[in-house]
Asks: 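This is the structure I have questions about; it appears just below.
Proteins come first, then strands; the chains are lettered A, B, ... in the order of their sequence lines, and each starts at number 1.
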Amino acid sequence: MLDIKFIRENPDAVAKALANRKTAADLSGLLGLDAARRTAITEAEELKGERNAASKKIGGLMKDGKKAEAEEAKERVRQIGDRITALDEQVRELDEKILQMLLFIPNLPLAGVPVGKDETDNVVVRTWGEKKTFDFKIKPHWDITEALKLVDFERGTKIAGSGFPVYTGQGARLQRALIQYMLDLHTVEHGYTEVEPPFVCNADAMTGTGQLPKFAEDMYHIGFDGLYPVPTAEVPVTNLYADEIIEEKLPLKLTAYTPCFRREAGAAGRDTRGLLRLHQFDKVEMVNFVKPEDSEKQHEILVREAEKVLQKLGLHYRVIELCTADIGFSAAKCYDIELWAPGVEKWLEVSSVSNFWDYQARRARIRCRDEQGKVQFVHTLNGSGVALPRLVIALIENNQNADGTVTIPEALRPYMGGLAKLG
RNA sequence: GGAGAGGUGGCAGAGCGGUUUAAUGCGCCGGUCUUGAAAACCGGAGAGCCGCAAGGUUCCGGGGGUUCGAAUCCCUCCCUCUCCGCCA
């Protein structure tokens, strides 16, 4: 959420930043409500001051036995009280309206984020590795998973629906191995603390990180209990510190494996084949809570930590900086990491590494102290480290052999019981 | 799920209608003393909002109510603990 004070003092800059995002917002309407709110608060607080003083006097009169005088004063204060009740109600309504508007306004892109009209204006920052050449006819991953019985799509559809694959045999083992490999990498080499959060969250948590209220349709919802299966570990892990002043040393780096549930509303019919786009998938996520002055530096470190996962597996990837029109709702700056998948001949997004600045911290009220002990909002960052299905796609398409087997990268073999090949 | 008890500042724990601007202890920060430290003593110290500031105002699990005035009384929801039941 944006700071209403910042909007009040920089309306033009905010309008321009939102325009770069291709987002419209009624800023003047918002500021009108803000002005009305402050007027009402000022009057209400003045009256409360009067009432507090008068009530104290009444207490004194009662004690002295001056009953008549006390009754007279009570009547006067009652009237003040009525006015206060009305003003408080007015403030409450204005607060709610202002909050509802703020919750729907996205974060502002950082200065330096390329201004663009859509995803075609994203910028390739760097590329690692190169496209592998094959001396045989390669297969797309769905043929490989079928031949090696790694994934059973049909039975997943039967028990849950399309987009809910069943991993079987070595395919299931591979999922488990990748999760463990990534968690070990982040905890041992990158200094993360592993957490295993709940796989469902309440509406408050969903609002804190920005999924609600705007993206309700993208999520599953257990209406009976008011819970949402998590669309990403970002939600439970970031909200761990909601409503807190973090006293631990920053940066605080947490990593978590969770399954992720997404309705993919609006994406029906796209990438329906294989593992490209799913309603449920596994992901290891990294979340950082950092001091405001460190967030840009820490963001760069975070992308490198995600890249490390791919480098150790020897996979060709590129890092993209998203332009103003393409960064996510809550993000101020975002890098995507894309793996090359030769079978489907596509760059596949396996990681999104975002700097949320103080946007989520303000929504979730996550704070820290500066050197003077003054309370301020932390900056939150997160990055996939990484998402499994597309990693699996790239892994098996890149490492497939002429005989139909798939070579397992060295880094992964300890997690596969020493196995060198699938199939 | 049933019965009971309880939710107060970082923690412990008073207060149960009007000098509570939330006692007291521990912990924390600063100071005195000390070669240094400890102890002792003195002082400080929560969060939000409005305000240029002075200052004001709100917050005792959440919400609502009674009252001139609520941490304190009433209603309701949530959570925790104990016992019972069920159960991986």
Side-chain angles (χ1 to χ4, degrees), chain A residues 1-10 30-103 196-208 222-228 236 239-250 252 289 358-378:
Chain A
M1 176 162 79
L2 300 183
D3 182 1
I4 186 72
K5 278 193 213 112
F6 183 83
I7 301 176
R8 193 189 300 149
E9 285 157 18
N10 307 277
L30 176 64
L31 292 176
L33 294 175
D34 173 54
R37 171 180 178 272
R38 286 183 294 145
T39 303
I41 283 181
T42 303
E43 191 186 340
E45 290 190 348
E46 248 168 55
L47 292 174
K48 282 176 186 173
E50 280 181 39
R51 180 177 68 182
N52 287 345
S55 288
K56 202 166 278 183
K57 252 181 229 163
I58 290 172
L61 291 172
M62 303 281 276
K63 204 169 279 177
D64 298 344
K66 297 176 180 170
K67 198 123 192 272
E69 269 179 70
E71 285 306 320
E72 206 175 300
K74 277 189 192 181
E75 180 50 35
R76 276 200 309 277
V77 179
R78 204 191 320 265
Q79 283 169 22
I80 296 177
D82 290 345
R83 178 68 184 144
I84 289 173
T85 303
L87 283 166
D88 277 350
E89 174 62 15
Q90 204 177 320
V91 170
R92 201 196 57 74
E93 283 173 15
L94 286 165
D95 274 341
E96 184 55 29
K97 277 185 195 164
I98 290 167
L99 178 65
Q100 282 310 315
M101 290 183 84
L102 287 174
L103 288 177
E196 183 178 306
F199 297 163
V200 292
C201 280
N202 59 31
D204 275 351
M206 289 293 171
T207 305
I222 306 169
F224 206 76
D225 298 295
L227 295 170
Y228 298 80
N239 280 287
L240 248 25
Y241 288 90
D243 286 310
E244 295 192 33
I245 298 169
I246 301 178
E247 304 290 358
E248 281 107 315
K249 192 172 166 296
L250 299 180
L252 179 59
F289 300 88
D358 59 2
Y359 187 89
Q360 292 182 326
R362 184 170 283 106
R363 284 173 88 109
R365 298 162 303 279
I366 306 169
R367 292 151 296 165
C368 63
R369 295 179 195 280
D370 65 14
E371 273 71 23
Q372 286 76 45
K374 199 164 162 284
V375 173
Q376 57 184 347
F377 287 110
V378 299

Asks: Using the side-chain contact (heavy atoms from CB on, under 4.5 Å) rule, take A:N239 and A:I366 through it: C-alpha gap first, then chi angles, then the decisive distance, then the call.
Replies: CA-CA 8 Å; A:N239 280 287; A:I366 306 169; 5.7 Å; no
Asks: Evaluate the side-chain contact (heavy atoms from CB on, under 4.5 Å) criterion for residues A:L250 and A:F289: first the C-alpha distance (whole Å), next the side-chain angles of each, then the deciding distance (0.1 Å), finally the verdict.
Replies: CA-CA 7 Å; A:L250 299 180; A:F289 300 88; 4.2 Å; yes
Asks: Nearest whole angstrom, please: distance from the P of B:U67 to the CD of A:E71.
Replies: 13 Å
Asks: Between A:R78 (CZ) and B:U66 (C1'), how many Å, whole number?
Replies: 12 Å
Asks: For A:R37, which residues count as a side-chain hydrogen bond (donor to acceptor under 3.5 Å, both in side chains) partner, sequence neighbours excluded?
Replies: A:D95
Asks: How far, in whole Å, is B:A22 from B:U76 if one measures between their P atoms?
Replies: 30 Å
Asks: Holding to salt bridge (Lys or Arg N to Asp or Glu O under 4.0 Å), I want the full list of residues that pass it with A:D243, two or more places apart in sequence or in another chain.
Replies: A:R365
Asks: How far, in whole Å, is B:G17 from B:C81 if one measures between their P atoms?
Replies: 31 Å
Asks: Pick the closest RNA chain B nucleotide for A:A73 and for A:R92 by heavy atoms, then say which residue is nearer the 5' end.
Replies: A:R92
Asks: For atom P, what is the distance between B:A37 and B:C52, given to the nearest Å?
Replies: 45 Å
Asks: Considering residues at least two apart in sequence or located in another chain, which fulfil the side-chain contact (heavy atoms from CB on, under 4.5 Å) criterion with A:A86?
Replies: none
Asks: For nucleotides B:C41 and B:U20, find the distance between their C1' atoms and express it as a whole number of Å.
Replies: 27 Å
Asks: Apply side-chain hydrogen bond (donor to acceptor under 3.5 Å, both in side chains) to A:D88 and list each qualifying residue two or more places apart in sequence or on a separate chain.
Replies: A:K48
Asks: With the sugar-phosphate defined as primed atoms, P, OP1 and OP2, and the base as all remaining atoms, what B/S/- string results for nucleotides 44-58 of chain B, 5' to 3', for protein heavy atoms under 4.0 Å?
Replies: ---SSBBS----BSS
Asks: Is the closest basic N to carboxylate O distance between A:R362 and A:D358 below 4.0 Å?
Replies: yes
Asks: Taking side-chain hydrogen bond (donor to acceptor under 3.5 Å, both in side chains) as the definition, give me every residue that meets it alongside A:R8, ordered by chain and number, with sequence neighbours left out.
Replies: A:D34
Asks: Pairs under 3.5 angstrom, nitrogen or oxygen only, protein versus nucleotides 18-23 of chain B, please.
Replies:
from	atom 1	to	atom 2	distance (Å)
B:G18	N2	A:S55	O	2.9

Asks: Using both pair distances under 3.5 Å as the test, note the stems of at least 3 consecutive Watson-Crick or G-U pairs that include RNA chain B.
Replies: B:1-7 with B:78-84, B:10-12 with B:24-26, B:28-32 with B:40-44, B:46-50 with B:55-59, B:61-65 with B:73-77
Asks: In whole Å, what separates the P atom of B:A5 from that of B:C11?
Replies: 26 Å
Asks: Report the residues that fulfil side-chain contact (heavy atoms from CB on, under 4.5 Å) with A:N52, sequence neighbours left out, ordered by chain and then residue number.
Replies: none
Asks: What interatomic distance, in whole Å, is found between P of B:G18 and the corresponding atom of B:A71?
Replies: 11 Å
Asks: Using atom P in both nucleotides, what's the gap between B:C78 and B:C87 to the nearest angstrom?
Replies: 25 Å
Asks: Which residues pass the salt bridge (Lys or Arg N to Asp or Glu O under 4.0 Å) test with A:R367, sequence neighbours left out?
Replies: none
Asks: Listed by chain and number, what are the side-chain hydrogen bond (donor to acceptor under 3.5 Å, both in side chains) partners of A:E89, not counting sequence neighbours?
Replies: A:R92
Asks: Residues in salt bridge (Lys or Arg N to Asp or Glu O under 4.0 Å) with A:E75, at least two apart?
Replies: A:R78
Asks: On a whole-Å scale, what distance lies between the C1' atoms belonging to B:G25 and B:G9?
Replies: 14 Å
Asks: Could you give the CG-to-C1' distance, from A:L61 to B:G69, as a whole number of Å?
Replies: 13 Å
